[in-house]
Number of protein chains: 2
Amino acid sequence: MPDTRPSARELIAAHGGRVTRARVAVLEVLGSAHTPLSHEGIASALEEGGETFDRVTLYRTLEWLVEQGIATRIAGSERAWNFELVDRHGHHHAHFHCQRCGRVTCMEEVAPALAGALPPGFSLAQAELVLHGACAECNRS
Amino acid sequence: MPDTRPSARELIAAHGGRVTRARVAVLEVLGSAHTPLSHEGIASALEEGGETFDRVTLYRTLEWLVEQGIATRIAGSERAWNFELVDRHGHHHAHFHCQRCGRVTCMEEVAPALAGALPPGFSLAQAELVLHGACAECNRS
DNA sequence: TTGCTGATGCAACATTGTAGCATTTGTGCG
DNA sequence: CGCACAAATGCTACAATGTTGCATCAGCAA
Ligand SMILES: [Mn+2]
Ligand SMILES: [Mn+2]
Ligand SMILES: [Zn+2]
Ligand SMILES: [Zn+2]
């Protein structure tokens with residue numbers, strides 16, 4: 001049975017973008033990550049794989065992935081964004097930020113449950129639920 | 001009937017801090033604001049009142065207020081924090097960020113409703129629900 | 001009033017991200 | 001394949017938002 005998921009190259013081309021070294025590499029990093037990654041984290045992962053890019057190129061690559069709806073940006077620990085693939089989780093879930101170790105964990109089970117309680121006139125584009133506390137691993141020590 | 005809310009001076013002293021010009025002024029600005037304010041917004045409001053402080057002093061004052069539990073920090077528009085008094089709303093409510101005008105509105109009616117669905121081992125300190133979209137005023141135009 | 005300690009101001013630095021522009025590189029086409 | 005052209009990259013400079021170190025100032029208790 002063949003893998004039905006599109007390869008990085010196919011995914012990029014399907015969105016009308018050029019298949020560049022940067023996009024392929026970033027997609028592969030995000031695809032094999034199990035938590036949302038910061039720009040910094042992505043750069044480190046790339047370097048371990050022997051690939052280096054200019055800081056700006058990375059920012060632009062991530063921006064493009066978000067514009068295309070391939071990745072999402074979620075508020076991570078202080079002031080830096082974290083990125084993850086959309087198809088990885090279906091992109092409507094909360095995130096848990098551990099105040100001790102700083103890691104961000106996806107919480108598939110916790111739903112915002114807004115119940116359409118917005119005041120009249122307001123329109124919602126996206127909800128972002130971030131939980132702050134201590135993760136299981138940190139609580140053990 | 002006397003005002004039962006503590007004055008800025010009393011509030012500061014009750015927390016064991018020195019009653020300084022900066023703390024009193026910032027508390028008054030936050031106390032009369034009807035939306036969360038950014039560091040920038042606070043500085044502007046202070047200047048209109050004829051009070052100016054060093055940028056760093058403002059940061060440290062706000063940091064102190066948050067540490068003392070007097071104010072809270074909520075994620076505002078891109079990369080800057082917004083501040084509001086805790087007692088103003090009881091501090092467990094969502095915030096709406098308008099992607100057009102950038103304003104942040106308190107949503108008393110929208111509750112996170114987490115339902116204690118956290119995975120075992122995780123402990124929650126604070127939940128932060130930020131809604132992104134267009135506010136009523138922007139939707140009218 | 002005085003002295004101690006916390007708070008402030010100033011300068012320098014850090015982090016995270018953007019903008020402009022020359023150069024390189026993917027891609028479609030002959 | 002080899003070209004031409006637009007898209008993507010790299011570099012430099014800049015912007016926004018905070019933070020750190022350190023000398024000075026000022027609240028407050030005695
Ligand atoms: Mn996630
Ligand atoms: Mn609020
Ligand atoms: Zn942790
Ligand atoms: Zn608006």
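Predicted model only: the values in this text are computed from it and were never measured.
Remark on DNA chain C: of its neighbouring residues B:Thr20 and A:Arg21, the 5'-side contact belongs to B:Thr20, judged by nearest-heavy-atom nucleotide. Sequence order on DNA chain D of the closest nucleotides to B:His39 and B:Gly17 puts B:His39 first from the 5' end.
Between B:Trp64 and B:His15, the ring planes lie perpendicular to each other; the angle is over 60°, past the 30° to 60° tilted range. Ring geometry, B:Phe122 versus A:Phe96: the interplanar angle exceeds 60°, so the pair is classed perpendicular (tilted spans 30 to 60°).
For the pair B:Ile12 CD1 and C:dT8 P, the interatomic distance rounds to 10 Å; values are reported in whole Å. In this structure, B:Asp54 places its CG atom 15 Å from P of D:dT20, rounding to the nearest Å. Between the CG atom of A:Asn82 and the C1' atom of C:dG17 there is a distance of 15 Å, rounded to whole Å. Going from atom OH of A:Tyr59 over to atom P of D:dC14 covers 19 Å, rounded to whole Å. Between A:Trp64 atom CH2 and D:dA7 atom P the separation is 13 Å, expressed in whole Å. The CH2 atom of B:Trp81 sits 10 Å away from the P atom of D:dT19 (whole-angstrom rounding). As rounded to whole Å, 7 Å separates atom P of D:dT17 from atom CD of B:Glu40. For the pair B:Ile42 CD1 and D:dG18 C1', the computed distance is 14 Å after rounding to whole Å.
With C:dA7, C:dA19, C:dT8 as the choices, the nucleotide that has an atom nearest any side-chain atom of B:Arg23 turns out to be C:dA7. Taking the side chain of B:Ala80 as heavy atoms from C-beta on, and the options D:dT9, D:dT17, D:dT20, the nearest nucleotide is D:dT17.
With hydrogens and angles left out, the side chain of B:Arg60 and the base of C:dG9 share a donor-acceptor pair within 3.5 Å. Residue-to-nucleotide contacts include no donor-acceptor pair under 3.5 Å from the side chain of A:Arg18 to the base of D:dA8. With hydrogens and angles ignored, a donor-acceptor pair under 3.5 angstrom links the side chain of A:Arg55 to the base of C:dG17.
Heavy atoms of other residues, nucleotides or ligands lying less than 6.0 angstrom from CZ of A:Arg9 number 12 at most.
Placement of B:Leu85 and B:Val29 within a single hydrophobic cluster is found when ILVMFWY residues are connected by side-chain heavy-atom separations under 4.5 Å, directly or transitively.
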Verify side chain to side chain contact (heavy atoms under 4.5 Å, CB included) between A:Arg73 and A:Glu63, making sure each step is shown before the conclusion. CA-CA 9 Å; A:Arg73 232 162 37 156; A:Glu63 185 183 33; over 6 Å; no
